[in-house]
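These numbers come from a predicted model, not from an experiment.
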Number of protein chains: 2
Amino acid sequence: METKTATAIFESLSSGWRLEAFRLLVKKGPEGMVAGDIAAALDLAPSSLSFHLKALTHAGMVSVAQEGRFLRYRANLALMAELIAYLTEECCAGVPGQCAEVAGAKACIDKLAC
Amino acid sequence: METKTATAIFESLSSGWRLEAFRLLVKKGPEGMVAGDIAAALDLAPSSLSFHLKALTHAGMVSVAQEGRFLRYRANLALMAELIAYLTEECCAGVPGQCAEVAGAKACIDKLAC
DNA sequence: AAATTGCTTCAATACTTGTTGAAGTATTGT
DNA sequence: ACAATACTTCAACAAGTATTGAAGCAATTT
C-alpha cells in the first residue's frame, strides 16, 4: 500500500461521524446499510452524512450500490485488512518475541475479530 | 476504546510525515529512535518534525523519553493493537465465516506481523 | 563561562475541513 | 403528469491544520 492511500484512509476515519458510520458497516458485513438507515442510526443530517460517506467512498473504505432510489453502502473489509497489514509491517524489525516484550502488544492478534 | 480516542489517533496518522514517522518507530520496536534520526530519515525540518511528533504523542501513539539532550521516541504498540481491535470489533456481526465470504478479508490475520 | 548541539515553541500566513440550509437529481407511487 | 421520497450537491461561513523561519531552552562540550 502506498503512503498516500493510507493517509487518505486515516483521514477518512478521523471524524467521529465517519468512524461511527464505518464501524456500523463493519458490523453489518456483506449486508451493508442504506444511507437513510445510517443517518437514522447516527442521528445526522442527510446532507452531512452524504458529505462523510463520500469521503469514505473516495478513500475506498466503503462501496456504494444503487437499489432503486436507495443507496446501499458496504465496508471494504479487504482494504481494512490491507491497512492493518501496512500499519504493522515489519513490526519490531520482524524479530520474533520482541513485540511480546512490549506490554500488551502480544494481545494484538487475539483481539482481532475477523 | 472511546470514539474520541480513536478519531484522535486516526487524525494523527492522517499526515504523510506522521504516518512515516510512526511506521519507522513500529519497525524499530522497543529500541525507538531519537528525534534527529527521524528527521534525517524523513528529510524533514526539525521544527516541522517536532510539530508532528507532538501530535503523535498527544494522540498517545508514541512515547518520549529524555536521554541527555536527545529525545527518544517509541511507538505505542499496545495502543496500536487496541485501535485495530476497536476498528474490527464485531466484524460481520461476529458470524463465523461471513468475513471469509468477503474477498480478501480472510487474509486479515495472516498479514499481521505482531 | 561561553559556544555548540538538539530539540521545541511561537507567530504569521496559507490552506483544508465541517456545518448549515436551500436547491437539484433521480426513482417510485398516486 | 404530479407529488413524494431518497439522496446529493452547492455556497457561504466558521473552525481547524500545516509550514516557515526566528527565537527560546536545556544539556553537553571546550
Rounded to whole Å, please give me the gap between [atom1] in [X] and [atom2] in [N].
{"X": "A:L53", "N": "D:dC7", "atom1": "CG", "atom2": "C1'", "value": "10 Å"}
{"X": "A:R72", "N": "D:dC7", "atom1": "CZ", "atom2": "P", "value": "10 Å"}
{"X": "B:L56", "N": "D:dA18", "atom1": "CG", "atom2": "P", "value": "11 Å"}
{"X": "A:D37", "N": "D:dC7", "atom1": "CG", "atom2": "C1'", "value": "13 Å"}
{"X": "B:H58", "N": "D:dT17", "atom1": "NE2", "atom2": "P", "value": "11 Å"}
{"X": "B:L44", "N": "D:dG21", "atom1": "CG", "atom2": "P", "value": "12 Å"}
{"X": "B:K54", "N": "D:dT19", "atom1": "NZ", "atom2": "P", "value": "16 Å"}
{"X": "B:L71", "N": "C:dT8", "atom1": "CG", "atom2": "C1'", "value": "9 Å"}

Run the side-chain contact (heavy atoms from CB on, under 4.5 Å) test on A:F51 and A:L44 for me, step by step, so that the C-alpha distance in whole Å, both residues' side-chain angles and the decisive distance to 0.1 Å come before the verdict. CA-CA 11 Å; A:F51 171 81; A:L44 181 61; over 6 Å; no

side-chain contact (heavy atoms from CB on, under 4.5 Å) assessment of B:E89 paired with A:V26: CA-CA 8 Å; B:E89 200 177 87; A:V26 167; over 6 Å; no

Counting only heavy atoms not in A:K27, do more than 12 sit closer than 6.0 Å to its NZ atom?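 Atom NZ in A:K27 is packed in, count exceeds 12.
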
Among the candidates C:dT9, D:dC7, D:dT28, find the nucleotide nearest to the side-chain atoms of A:Y73.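 Looking only at heavy atoms from C-beta outward on A:Y73, the closest nucleotide is D:dC7.
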
Compare the minimum distances between each of D:dT8, C:dT28, C:dT5 and the side chain of A:R69, then state the nucleotide with the smallest one.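 For A:R69, the side-chain atoms sit closest to C:dT28.
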
Taking the side chain as every heavy atom from C-beta outward, state whether B:T3 and A:R23 have any pair of such atoms under 4.5 Å apart.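 No; the side chains remain at least 4.5 Å from each other.
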
Quick one: are A:N76 and A:L56 in side-chain contact, heavy atoms under 4.5 Å?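 Contact flag for A:N76/A:L56 side chains = no.
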
Compile the donor-acceptor pairs under 3.5 Å between side chains in residues 57-67 of chain B and protein atoms, sequence neighbours left out, one pair per line.
| residue | atom | partner | partner atom | Å |
| --- | --- | --- | --- | --- |
| B:T57 | OG1 | B:L53 | O | 2.7 |
| B:Q66 | NE2 | B:G68 | O | 3.2 |
| B:E67 | OE1 | B:R72 | NE | 3.1 |
| B:E67 | OE1 | B:R72 | NH2 | 3.4 |
| B:E67 | OE2 | B:R72 | NE | 2.9 |

Position toward the 5' end of DNA chain C (nearest nucleotide), B:V64 or A:Q66: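 Closest to the 5' end, via its nearest nucleotide, is B:V64.
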
Find every protein N or O atom lying less than 3.5 Å from an N or O atom of nucleotides 14-18 of chain C, and list the pairs.
| residue | atom | partner | partner atom | Å |
| --- | --- | --- | --- | --- |
| C:dG18 | OP1 | A:R18 | NH1 | 3.4 |
| C:dG18 | OP1 | A:R18 | NH2 | 3.1 |
| C:dG18 | OP2 | A:R18 | NH1 | 3.4 |

Using modelled atom types and a 3.5 Å cut-off, is there a donor and acceptor pairing between side-chain atoms of A:R18 and backbone atoms of A:L13?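 Side chain of A:R18 to backbone of A:L13, a donor-acceptor pair under 3.5 Å: no, none is there.
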
Heteroatom pairs (N/O) under 3.5 angstrom, protein to nucleotides 22-25 of chain D:
none

Derivation of the side-chain contact (heavy atoms from CB on, under 4.5 Å) call for A:I9 and A:Y86: CA-CA 12 Å; A:I9 295 173; A:Y86 178 78; over 6 Å; no

Could you tell me the separation between the CG atom of B:D43 and the CD atom of B:E20, rounded to the nearest 0.5 Å?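 Rounded to the nearest 0.5 Å, the CG-CD separation comes out at 13.0 Å.
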
